[in-house]
Amino acid sequence: MSQIISAKKHNFSAGPAILPKEVFEQASQAALDYNGVGLSLLEMSHRSKEFTAIVDEAVQLIREIGGIDDSYEVLFLTGGASSQFYMAPMNLLGQSETAAYVDTGTWSTKAIKEVKHFGNVEVVASSKDKNFTYIPKGWKVPSDAVYVHTTSNNTISGTEYQSTPETGGIPLICDMSSNMFSRPIDIEKYGMIYAGAQKNIGPAGVTLVIVKKDWIGRTDRAIPTMLNYKTHADKGSMFNTPPAFPIYVLMLTMRWLKAQGGLKGIEQHNIAKANLLYNEIDSNPLFHGTVAKEDRSRMNVCFLPSDAELTQPFIDACTDAGINGIKGHRSVGGFRASIYNAMTKSSVQALVDVMQDFSKKFG
Ligand SMILES: *Cc1c(COP(=O)(O)O)cnc(C)c1O
């Protein structure tokens with residue numbers, strides 16, 4: 001097994017994304033024989049005491065790492081972050097009420113489209129005018145808004161809020177899919193946080209939802225059983241068969257995160273990696289960044305070549321160096337290096353080395 005791991009590429013893919021090496025190893029073992037019980041975790045009942053203990057530990061670690069007290073539910077759902085675009089307003093917004101949304105890219109645009117089925121939406125700010133290359137600031141929230149929806153990190157365009165936005169006390173609902181648990185969170189400002197696991201906290205297949213308990217059931221709308229947060233809250237995310245293996249891998253990732261010093265520890269690691277890469281982008285004449293410097297994401301680093309002709313040669317040079325997933329999203333072009341929590345500084349250094357060699361060859 002260690003042979004396979006040591007041959008691994010540097011994976012800069014935006015998602016599904018890198019996970020810690022230890023997590024891959026432990027998950028592989030559990031797929032063969034979970035803790036010596038003689039069964040693969042893949043074939044074990046979700047009602048078994050072993051699996052119940054996994055869910056309990058996952059919830060407990062999330063609470064501990066995030067400082068999330070008992071006034072919030074911690075749920076493991078399916079359907080991806082994309083399903084929360086409609087589940088959040090379906091559960092939390094009355095038909096005649098208003099929610100404020102900030103439009104910072106592809107994902108928030110999709111969230112705005114869905115809320116229209118369930119209530120009034122006011123888009124209080126947008127960075128669409130500059131192809132989402134910055135985070136709008138100084139926006140005002142209508143005082144009657146039930147919540148303000150933001151996307152804390154914009155995976156495709158590479159922008160990130162550097163602090164929690166000011167909302168005049170109105171609770172935030174935040175799509176944290178691509179920077180969840182990469183930095184400390186002011187939890188008390190949030191009514192709800194959601195994240196598809198596959199960017200930063202686990203594999204594809206499970207979606208983390210953290211929601212204020214007293215918000216659940218706040219509308220009188222009829223909600224189908226499976227789409228009602230109350231259903232999953234009442235049954236501890238076990239109303240139906242949960243995505244058992246992804247929850248296990250998420251739990252392992254949380255153990256790893258705790259061992260990194262939690263959110264403060266991982267933030268230092270993430271700042272160091274982002275600085276290393278952005279410094280190279282800013283000093284290397286063959287590359288430049290695509291977003292406003294003060295809004296640069298620590299997770300998804302977007303950059304362009306000085307000459308579009310250099311795009312393919314640079315991707316080829318990366319491939320030769322064992323670097324995977326560096327091609328930019330089609331809406332931005334160029335390159336995107338996703339450097340989530342589990343990315344090591346030495347992998348970022350490997351990319352920087354390729355950039356430096358490249359500028360010697362083509363500069
Ligand atoms: C990837 C992503 C999504 C979509 O997540 P799914 O789990 O694929 O539905 C939503 N929001 C953000 C910010 C993302 O990065």
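First listed ligand is number 1; within each ligand, the first listed atom is number 1. What you are looking at is a predicted structure, and each value in this text was computed from that prediction instead of being measured. Counting from 1, the numbers follow the sequence of the chain as shown.
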Worksheet entry | Summary of side-chain hydrogen bond (donor to acceptor under 3.5 Å, both in side chains) pairs that have at least one residue in residues 180-192, sequence neighbours excluded |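 Listed once each, the pairs are Glu160-Arg183, Gln162-Arg183, Thr164-Asp186.
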
### Query
Could you give all pairs that pass the side-chain hydrogen bond (donor to acceptor under 3.5 Å, both in side chains) test and reach residues 111-130, with sequence neighbours left out?
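Residue pairs passing side-chain hydrogen bond (donor to acceptor under 3.5 Å, both in side chains), neighbours aside: Asp129-Tyr134.
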
Cationic N near anionic O, under 4.0 Å, Arg255 to Glu22
no

Should the pair Asp69-Lys213 be classified as a salt bridge under the 4.0 Å nitrogen-to-oxygen rule? no

Identify all N/O pairs between ligand 1 and the protein with a separation under 3.5 Å and present them as a table of atom names and distances.
unit_1: ligand 1; atom_1: 7 (O); unit_2: Ala81; atom_2: N; d: 3.0
unit_1: ligand 1; atom_1: 7 (O); unit_2: Gln198; atom_2: NE2; d: 3.0
unit_1: ligand 1; atom_1: 8 (O); unit_2: Gln198; atom_2: NE2; d: 3.3
unit_1: ligand 1; atom_1: 9 (O); unit_2: Ala81; atom_2: N; d: 3.2
unit_1: ligand 1; atom_1: 9 (O); unit_2: Ser82; atom_2: N; d: 2.9
unit_1: ligand 1; atom_1: 9 (O); unit_2: Ser82; atom_2: OG; d: 2.6
unit_1: ligand 1; atom_1: 11 (N); unit_2: Asp175; atom_2: OD2; d: 2.6
unit_1: ligand 1; atom_1: 15 (O); unit_2: Thr155; atom_2: OG1; d: 2.4
unit_1: ligand 1; atom_1: 15 (O); unit_2: Lys199; atom_2: NZ; d: 2.6

Apart from Leu304 itself, its cluster of hydrophobic side chains linked below 4.5 Å comprises none

Open item on the list: Is there a continuous path of hydrophobic side-chain contacts, each under 4.5 Å between heavy atoms, that joins Val352 to Phe287?
Closed with: yes

